[in-house]
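So the structure is just underneath, and the comments pick up after that.
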Amino acid sequence: MTSKDESLALTRARARMVDRLRASGIRDEGVLAAMQAIPRHQFVEEALRSRAYEDTALPLGYQQTISQPFIVARMIELLRVGGRPLGKTLEVGAGCGYQAAVLSKLAKDVYAIERIAPLLELAKRNLRPLRLPNVRLKHADGTVGLAAEAPFDTIIVAAAATTVPMPLLEQLAEGGRLILPVGAGDQTLRMIEHQPQHRFVESKLDAVRFVPLLPGVE
């Protein structure tokens, strides 16, 4: 297949992925447009490129994965329910940079942190050709967030915590939303909304499966 033919095939595959997301219940057209805009195949290994637009998680190395497209779309859609803008956004677990790229189309600013240094470098390489001026990558421990840049209007966590990390709650702006998977065995998505008088309201959402959120950096 020539590069032109491959490019056309990948573009068509991405459009089919978006059609499947819509058929699976994703209704937020802004989210669907962002998923259409970002070339997921540029974030996976060359050997897996033909599978880039399947609705499945794919390995990145270092016991990490690029999240299933439906989960990326679903988590972002939930954060935007009610027409709420994402605003200043913290992503915990940048991985290969794909979700940060999608978020960049919907958020004012994206601060994406990754604890594994080689993965952070991979994310930088993947994101460079896209020239996204509102994405900043940091090598940091996701369990403690990014206090220097807080508060955040939105926090999205791409790894499962056993309990909600207190530093992330402390870095959530009033009116802000935090979404993350919680659980060691069975995991569920949790949405936490920061209401007035430092009150946090938690909702239990979908059953999910993520790699664990680990402390420290490497």
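Counting begins at 1 with the first residue of the sequence. Owing to the predicted nature of the structure, the values given are computational and were not obtained by experimental measurement.
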Practice task
Determine, stepwise, if the pair Asp153 / Leu86 fulfils side-chain contact (heavy atoms from CB on, under 4.5 Å).
Solution key: CA-CA 6 Å; Asp153 303 302; Leu86 297 184; over 6 Å; no

Handout entry: Side chain Asn126, main chain Cys96, donor-acceptor under 3.5 Å
Key = yes

Handout entry: Non-hydrogen atoms of Ser67 and Phe210 that approach each other most closely
Key = OG-CE2, 4.0 Å

Fill in the blank from the handout: Closest non-hydrogen atoms of Met35 and Pro69, given as atom of the first, atom of the second and distance, are CE-O, 3.4 Å

Practice task
Kindly work out whether a path of hydrophobic side-chain contacts (I/L/V/M/F/W/Y, heavy atoms less than 4.5 Å apart) joins Leu120 to Leu103.
Solution key: yes

Exercise for the section: Taking all non-hydrogen atoms of both residues into account, name the closest pair between Val135 and Ala100 and its distance. Expected result: CG2-O, 3.9 Å

Practice task
Determine whether Val157 and Val72 fall in the same hydrophobic cluster, where Ile, Leu, Val, Met, Phe, Trp and Tyr are linked whenever their side-chain heavy atoms lie under 4.5 Å apart.
Solution key: no

Exercise for the section: Dump the intermediate steps for side-chain contact (heavy atoms from CB on, under 4.5 Å) on Leu214 and Arg115, then the final yes or no. Expected result: CA-CA 8 Å; Leu214 300 176; Arg115 63 181 292 273; 3.9 Å; yes

Practice task
Report yes if some heavy atom in the side chain of Leu90 is under 4.5 Å from a heavy atom in the side chain of Leu168; otherwise report no.
Solution key: yes

Practice task
Measure from the side-chain N and O atoms of His139 to the backbone N and O of Pro118, and report whether any donor-acceptor pair falls under 3.5 Å.
Solution key: no

Problem - Pairwise distance CZ(Arg16) to CG(Leu21) - rounded to 0.5 angstrom - result: 13.0 Å

Practice task
Please check if the side chain of Arg190 supplies one atom and the backbone of Lys204 the other of a donor-acceptor pair under 3.5 Å.
Solution key: no

Problem - Spacing of Arg84 atom CZ and Arg177 atom CZ [to the nearest 0.5 Å] - result: 5.5 Å

Practice task
Say whether Leu180 and Leu106 are linked into one hydrophobic cluster, either directly or through other cluster members, by side-chain heavy-atom distances under 4.5 angstrom.
Solution key: no

Exercise for the section: May I ask you to test the Arg49-Glu6 pair for a side-chain heavy-atom distance under 4.5 Å? Expected result: yes

Practice task
Decide if atom NZ of Lys105 counts as having more than 12 heavy atoms of other residues, nucleotides or ligands within a radius under 6.0 Å.
Solution key: no

Problem - Exam field: side chain Lys88 to backbone Ala150, donor-acceptor pair closer than 3.5 Å - result: no

Problem - Minimum-distance pair of heavy atoms, taken over all atoms of Ala158 and Val211 - result: O-CG2, 4.4 Å

Exercise for the section: Using atom types as modelled and distance alone, determine if a side-chain donor or acceptor of His194 lies under 3.5 Å from a backbone N or O of Phe200. Expected result: no

Problem - Close side-chain approach of Pro196 and Glu174, heavy atoms under 4.5 Å - result: yes

Practice task
Would you check if the side chain of Gln171 reaches a backbone N or O of Leu146 as a donor-acceptor pair within less than 3.5 Å?
Solution key: yes

Handout entry: CA sep, side-chain torsions, deciding dist, call: Phe43, Leu60, side-chain contact (heavy atoms from CB on, under 4.5 Å)
Key = CA-CA 9 Å; Phe43 293 85; Leu60 294 175; over 6 Å; no

Handout entry: Minimum side-chain heavy-atom gap Leu130-Arg128 below 4.5 Å
Key = no

Handout entry: Short N-O contact, Asp19 and Arg22, less than 4.0 angstrom
Key = yes

Practice task
Following the transitive rule for hydrophobic clusters with a side-chain heavy-atom cut-off under 4.5 Å over Ile, Leu, Val, Met, Phe, Trp and Tyr, establish whether Leu119 and Leu48 coincide in one cluster.
Solution key: yes

Practice task
For the residue pair Ser24 and Arg74, confirm or rule out a side-chain donor-acceptor distance under 3.5 Å.
Solution key: no

Handout entry: Close side-chain approach of Thr188 and Leu205, heavy atoms under 4.5 Å
Key = no

Practice task
Show the numbers, then the answer: is there a side-chain contact (heavy atoms from CB on, under 4.5 Å) between Leu137 and Glu114?
Solution key: CA-CA 8 Å; Leu137 297 173; Glu114 173 55 55; over 6 Å; no

Exercise for the section: Using modelled atom types only, decide if a donor and an acceptor are shared between the side chain of Glu91 and the backbone of Gly97 within a distance under 3.5 Å. Expected result: no

Problem - Linked, directly or transitively: Met191 and Ile26 (ILVMFWY side chains, under 4.5 Å) - result: yes

Handout entry: Atom pair OG1/CD of Thr56 and Gln68 - distance to nearest 0.5 Å
Key = 6.5 Å

Practice task
Can you spot which of His41, Arg12, Arg40 makes a side chain to side chain donor-acceptor pair (under 3.5 Å) with Tyr53?
Solution key: His41

Handout entry: Leu127 side, atom CG; Leu122 side, atom CG - distance, nearest 0.5 Å
Key = 9.0 Å

Practice task
Please answer whether the main-chain N or O of Tyr111 pairs with a side-chain N or O of Arg136 as donor and acceptor at a distance below 3.5 Å.
Solution key: no

Exercise for the section: Considering only NZ, NE, NH1 and NH2 on the basic side and carboxylate oxygens on the acidic side, decide whether Arg80 and Glu77 come within less than 4.0 Å. Expected result: no

Exercise for the section: Could you tell me whether Phe70 atom CZ has more than 12 heavy atoms of other residues or ligands within 6.0 Å of it? Expected result: yes

Exercise for the section: Starting at CD of Glu193, measure out to CG of Leu172 and round the result to the nearest 0.5 Å. Expected result: 9.5 Å

Problem - Val182 to Thr162 - nearest heavy-atom pair and separation - result: CG1-O, 3.6 Å

Problem - Exam field: side chain Asn134 to backbone Asp109, donor-acceptor pair closer than 3.5 Å - result: no

Problem - Smallest separation among heavy atoms of Thr89 and Ala107, with atom names - result: OG1-CB, 3.4 Å

Handout entry: Heavy-atom donor-acceptor pair, Asp206 side chain to Leu189 backbone, under 3.5 Å
Key = no

Completion exercise
In Ile113, Leu178, Ile156, the residue satisfying side chain to side chain contact (heavy atoms under 4.5 Å, CB included) with Val92 is Ile113

Handout entry: Rounded distance (nearest 0.5 Å) linking atom CD of Glu202 with atom CG of Leu169
Key = 8.5 Å

Exercise for the section: State, yes or no, whether a side-chain contact exists between Val201 and Gln195 at a heavy-atom distance under 4.5 Å. Expected result: yes

Handout entry: pair Leu58-Thr65: side-chain heavy atoms closer than 4.5 Å
Key = no

